[in-house]
Amino acid sequence: MASLRLAIQKSGRLSEKSLDIIAECGIHFSNSSKRLVAKCSNFPLEILYLRDDDIPGYVADGVADIGIVGENVLIEKEKQVSVVKKLGFSKCRLSLAIPRGEKYHGVSDMEGKYIATSYPNILKQYFKEHGVKADVHEISGSVEIAPAINLADAICDIVSTGSTLIGNGLKEVEVVMRSEAILFSTSNLEAEKQAILDQLIFRIESVNKARKNKYIVLNAPERSVDTILQILPGMKSPTVTPLAEDNWYSVSSVIAEDQFWEIIEQLKAAGAEGILVMPIEKMIL
Ligand code: PRT
Ligand code: ZN
């Protein structure tokens with residue numbers, strides 16, 4: 001029987017979350033950092049541990065069938081692959097930054113400037129789109145120190161909190177692209193492997209939906225139930241069950257994580273009591 005080969009980062013910012021997703025899909029594997037390949041015991045999946053920079057090439061060549069990297073790496077490598085799904089973790093941005101004391105009027109300020117980056121292809125494309133002719137130079141690692149040692153006028157690097165830029169006397173002036181971890185596949189996946197990938201995507205989507213929602217149970221007096229039902233969206237409609245105490249009901253539903261606090265406040269104001277909120281493990285719609 002065919003098995004799908006997934007390439008993930010061996011050790012780095014993407015490793016743990018990539019493995020978490022597989023584990024939350026109920027797939028068992030041995031996670032030994034010394035290994036190059038791990039076979040999953042209860043799903044036709046093999047995990048290849050690689051440097052993130054090598055993953056797009058291996059997937060394009062068919063050495064691995066699918067891979068997880070940051071979009072920044074995937075786009076920079078310019079390989080022929082198919083994007084499957086954004087995964088919502090390792091969010092960051094690729095930004096232009098200049099020394100803090102310098103004035104900035106717009107991207108045209110970069111005309112003729114010497115810019116250091118580990119992402120020359122993305123940056124050259126960005127300048128092309130903005131009609132700017134800049135001198136883009138590839139350097140790998142410690143890009144942020146380039147202006148201080150007079151190696152460059154500006155840099156283009158990954159930013160998350162921004163503290164690395166501040167610590168190096170730089171300021172972020174343009175966001176060149178936004179990035180997050182992405183699942184992608186070789187462009188001509190054979191049918192049997194595509195079927196395994198479809199199963200995997202279904203599981204990932206169930207896990208991700210569950211992460212974005214909470215299960216809520218509360219008690220309410222009869223006079224509050226109508227108002228509470230209007231506040232709660234629910235997958236279909238909330239469940240309402242009478243309690244042993246006269247004129248009291250238990251109401252349960254699913255609410256979105258990002259509306260959580262707002263909804264809780266409204267429910268309390270409407271007369272809800274004994275509110276319980278629980279994480280959802282999987283959500284199959
Ligand atoms: O060894 P290997 O080649 O596999 O790993 P790597 O060192 O190339 O990559 P790694 O593990 O550092 O990052 C993997 C991916 O995580 C990147 O390609 C991004 O998609 C994503 N990511 C998310 C980040 C960051 N956040 C991040 N903050 N990648 C790098 N950084 C670095 C950035 O380069 C800069 O030095 O963190 C610093 C900035 O962070 P702040 O918080 O100070 O702004
Ligand atoms: Zn790398």
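When a ligand or atom number is given, it counts from 1 through the structure's own listing order.
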Review point. Does the side chain of E273 come within less than 4.5 Å of W248's, by heavy atoms?
Key: yes

Point to revise | Side-chain heavy atoms of V176 within contact of S95, under 4.5 Å | key: no

Exercise for review: Go through V73 and Y119 one step at a time and tell me if the side-chain contact (heavy atoms from CB on, under 4.5 Å) criterion holds.
Suggested key: CA-CA 8 Å; V73 169; Y119 298 90; 4.2 Å; yes

Review point. Has ligand 1 got any nitrogen or oxygen that is less than 3.5 angstrom from a nitrogen or oxygen of R13?
Key: yes

Review point. Do NZ/NE/NH1/NH2 and the carboxylate oxygens of R93 and E172 come within less than 4.0 Å?
Key: yes

**Study point:** Matching residue for R211 among E24, E257, E205 - test: salt bridge (charged side-chain N to carboxylate O under 4.0 Å, His left out)
**Key:** E24

Practice item. Pull out every atom of ligand 1 sitting under 4.0 Å from any heavy atom of G162, numbered as shown with elements. Key: 41 (P), 42 (O), 44 (O)

**Study point:** Contacting atoms of ligand 1, where contact means under 4.0 angstrom from a heavy atom of V159
**Key:** 44 (O)

Practice item. Could you name the option among T161, D53, V143, I158 that has the heavy atom nearest to atom 29 (N) of ligand 1? Key: I158

Check your understanding: Does N72 approach ligand 1 within less than 4.0 angstrom via side chain, backbone, both or neither, non-hydrogen atoms only?
Key -> side chain

Exercise for review: Would you mind listing which atoms of ligand 1 come within a distance below 4.0 Å of any non-hydrogen atom of G12?
Suggested key: 11 (O)

Point to revise | Nearest-neighbour protein heavy atom for atom 1 (O) of ligand 1, which is reported as residue plus atom name and distance | key: R51 NE, 3.8 Å

Check your understanding: Which atoms of ligand 1 are found less than 4.0 Å from any heavy atom of G70?
Key -> 20 (O)

Practice item. Compare all side-chain heavy atoms of D53 with those of K77 and state whether any distance is below 4.5 angstrom. Key: yes

Exercise for review: Run down the list S179, C92, S142 and name the one with the heavy atom closest to atom 26 (N) of ligand 1.
Suggested key: C92

Practice item. Could you tell me whether the side chain of E180 and the main chain of G88 form a donor-acceptor pair under 3.5 Å? Key: yes

Check your understanding: Polar-atom distance check: S160 versus ligand 1, any N or O pair below 3.5 Å?
Key -> yes

Review point. For K86, which residues count as a side chain to side chain donor-acceptor pair (under 3.5 Å) partner, sequence neighbours excluded?
Key: E71

**Study point:** Where ligand 1 meets V73 - atom numbers and elements under 4.0 angstrom, heavy-atom basis
**Key:** 18 (O)

With a cut-off of 3.5 Å and sequence neighbours excluded, list every side-chain donor-acceptor pair involving residues 144-152.
none

Would you give me the side-chain donor-acceptor pairs under 3.5 Å for residues 54-69, sequence neighbours excluded?
unit_1, atom_1, unit_2, atom_2, d
D65, OD1, K193, NZ, 3.1
D65, OD2, R5, N, 2.7
D65, OD2, K193, NZ, 3.2

Exercise for review: Check each heavy atom of T164 against ligand 1 and say whether those closer than 4.0 Å belong to the side chain, the backbone, both or neither.
Suggested key: both

Check your understanding: Would the number of heavy atoms belonging to other residues, nucleotides or ligands and lying under 6.0 Å from CD of E78 be above 12?
Key -> yes

Review point. Under 4.0 Å from any heavy atom of D157, which atoms of ligand 1 are there?
Key: 34 (O)

Review point. Just heavy atoms, cut-off under 4.0 Å: does Q9 contact ligand 1 by side chain, backbone, both, or neither?
Key: side chain

Practice item. Work out how many protein N, O or S atoms lie closer to the Zn ion (ligand 2) than 2.8 Å. Key: 2

**Study point:** Non-hydrogen side-chain atoms of I139 and T117 separated by less than 4.5 Å
**Key:** no

Check your understanding: Under a 4.5 Å cut-off applied to non-hydrogen side-chain atoms, are E46 and L4 in contact?
Key -> no

Study note, to complete from the structure: closest protein heavy atom to atom 8 (O) of ligand 1 is D52 OD1, 3.3 Å

